[in-house]
Enquirer: 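Pasting a structure below so you can have a look.
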2 protein chains.
Amino acid sequence: MALAEHACTRESAVAARIDVAPCNACPVRSMSVCSALEADELKRLADILVSVKVDAGHTLFAEGDGADTLFNVTAGTMKLYKLLPDGRRQITGFLLPGDFLGLSINDTYAYSAESVTPATLCRFPRRRLEGLLEDYPKMQRRLFAMASSELAAAQDQMLLLGRKNAKERIASFLLMLSERAKRRGYAENPVHVPMSRSDIADYLGLTTETVSRTFTQLKTSRAISLLEGGKVRLNDMETLQELAEGA
Amino acid sequence: MALAEHACTRESAVAARIDVAPCNACPVRSMSVCSALEADELKRLADILVSVKVDAGHTLFAEGDGADTLFNVTAGTMKLYKLLPDGRRQITGFLLPGDFLGLSINDTYAYSAESVTPATLCRFPRRRLEGLLEDYPKMQRRLFAMASSELAAAQDQMLLLGRKNAKERIASFLLMLSERAKRRGYAENPVHVPMSRSDIADYLGLTTETVSRTFTQLKTSRAISLLEGGKVRLNDMETLQELAEGA
DNA sequence: AACGCGCCTTGATCCAGATCAAAGCGCGAC
DNA sequence: GTCGCGCTTTGATCTGGATCAAGGCGCGTT
């Protein structure tokens, strides 16, 4: 369990705030931007933020664990998943820097969280956040807005899982990654795809074999190119979009 | 468009509050329970609440419509769904009395809403609610809690759609309906199933034929009985639960 | 270099659930 | 009553993606 911790300085929190646009889904950082009482609030935030580094494949917490801690991804990619007793797995989401982890009203986590790549997270106790929320209602708003947009994404995913075929799923997945990278200011076209075939399969409700075959098909039809280092070039956005929308 | 409207009296709002427990997911009513300023708040609420009655099969709004109104189901069952251009449909949720509709941060609805049975809803303009939220932070909390629990339900549904087989899906569905009925104080065992086979199919990512066959199988194996008036008796909770959990 | 170990790809076969097709079965209109 | 229409059930067949089974390929270790 390689898990290094050290207290965030106030400076690092400020710096973190600078490299993220106010509307990205990073609660702590963007909430400080929102608040009217920035300086005061930021000071309190800096006091409770703790940075956590994990290797690839590290389980941060498991479904059912006591949900006393909140996390905010600052680097790397995380995956959230649920398991059935016989081992079937559904990944419910991939988290990129700025995403939030552990937004639960219950006292246990509803899913497990594991790093896909080496990752850094900002962690803080839930109690402390709740205290902050009392004092800064705009944080509440922000938190609600985040939950709402996650809900909208979940509904899109239900449509995908319930009604799209393999090709449509892969196309939707690649476009989603591209869209998210773009909104965070990363390269949107050769998309970075850091997760394994098996992770993609468990996210899209398919098997690794089907994911692999479908990538091959898309490559053969020139819609995408598979590049070095887990990058995928989207050659024909037109076609991919049509596929994703199920036209 | 059979759409009758009349202003709610303050009395009806109070009455509504009485037949719902504080922790049911009915935002307006339970928020009034939560707030320290009940009398004042309730007065303001009563001013803006408007009751809406619709027939079965009525489309309340469609995906993409301007999302300027919020609804709160007070009687009947609603369904929310998304469509693909070729007509494939995914129902993302069924709403029972007390459920909330239109929780969107965007300015357009992310899904369509249609009544399954004749239904009554309390409607109010989003702007007015936002004003209330400014003044009553506990409403914010309540709203956030609702969005969180919807999110948790959405994640369960992803597991179902991505990884469960037909029998497991139907068992999960019936148990979910039973659980929800119970928490609202309705009969939990002969479960009321007001929706058509085709609605169930579009909720579970199956076809009507498969839904029908699976009901027959469960009936044949004595796990359930199909009763009059769209009721289903769950005979063998043990087996159903095992199926639903995928053991 | 040779080996082992995870992935990933590719091929062959299988099967759960889709699709196609045809009755039942209410139930309201006339 | 009986006609028609929508919903449901049941049967026969088909198929997209799962499963089973080999290799291939990159990479770190000895």
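Labels below follow one simple rule: chain letters A, B, ... track the order of the sequence lines, proteins then strands, and each chain is numbered from 1.
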Enquirer: Looking at Arg213(B) and dG11(D), is any side-chain donor or acceptor paired with a base atom of the opposite kind under 3.5 Å?
Expert: yes

Enquirer: Taking atom P of dT9(C) as reference, at what distance in whole Å does atom CG of Leu218(A) sit?
Expert: 12 Å

Enquirer: Tell me: CG of Leu204(B) to P of dA18(C), nearest whole Å?
Expert: 11 Å

Enquirer: Could you tell me whether a side-chain N or O of Gln241(B) sits under 3.5 Å from a main-chain N or O of Glu238(B), the two making a donor and an acceptor?
Expert: no

Enquirer: Whether Ser198(B) contacts dC7(D) is assessed here as follows: a side-chain N or O lying under 4.0 Å from the phosphate OP1 or OP2. Is that the case?
Expert: no

Enquirer: Could you tell me whether the side chain of Pro118(A) reaches within less than 4.5 Å of the side chain of Asp55(A), counting heavy atoms only?
Expert: no

Enquirer: Please give, in whole Å, the distance from dC8(C) C1' to Asp199(A) CG?
Expert: 14 Å

Enquirer: Remember a base hit wins even if backbone is also touched, and classify Gly57(B) as base, sugar-phosphate or nothing at under 4.0 Å, heavy atoms.
Expert: nothing

Enquirer: Counting any heavy atom closer than 4.0 Å, what does Gly205(B) reach on the DNA or RNA strands: base, sugar-phosphate only, or nothing?
Expert: sugar-phosphate

Enquirer: Please test Asn235(B) against Ser225(B) for side chain to side chain donor-acceptor pair (under 3.5 Å), starting from the C-alpha separation and ending with a verdict.
Expert: CA-CA 7 Å; Asn235(B) 297 319; Ser225(B) 307; 2.8 Å; yes

Enquirer: Base, sugar-phosphate or nothing for Thr208(B)? Non-hydrogen atoms, less than 4.0 Å.
Expert: nothing

Enquirer: From the options dG17(C), dT10(C), dA18(D), select the nucleotide whose nearest atom is closest to the side chain of Glu209(A).
Expert: dT10(C)

Enquirer: Let me know the distance between NZ of Lys219(A) and C1' of dC8(C), rounded to the nearest Å.
Expert: 11 Å

Enquirer: Can you measure Gln217(B) atom CD to dG11(D) atom P for me and round it to whole angstrom units?
Expert: 12 Å

Enquirer: Do Arg197(A) side-chain and dT10(C) base share a donor-acceptor contact under 3.5 Å?
Expert: no

Enquirer: Can you tell me the distance, in whole Å, between the CG atom of Leu206(A) and the P atom of dT9(C)?
Expert: 14 Å

Enquirer: Closest approach to the side chain of Thr210(B), judged atom by atom: which nucleotide of dA18(D), dG17(C), dT9(D) is it?
Expert: dG17(C)

Enquirer: Going through the checks in order, is the side chain to side chain donor-acceptor pair (under 3.5 Å) test met by Lys82(A) and Ser112(A)?
Expert: CA-CA 6 Å; Lys82(A) 295 175 83 89; Ser112(A) 307; over 6 Å; no

Enquirer: With a cut-off of under 6.0 Å to the ring centre and 45° to the axis, is Arg197(A) in cation-pi contact with Phe215(A)?
Expert: yes

Enquirer: Using whole Å, report how far CZ of Arg163(A) lies from C1' of dG16(D).
Expert: 15 Å

Enquirer: Can you tell which of dA18(D), dT9(C), dC8(C) lies closest to the side chain of Ser196(A)?
Expert: dC8(C)

Enquirer: Figure out the CD1/C1' separation between Ile200(A) and dG17(D), and round it to whole Å.
Expert: 17 Å

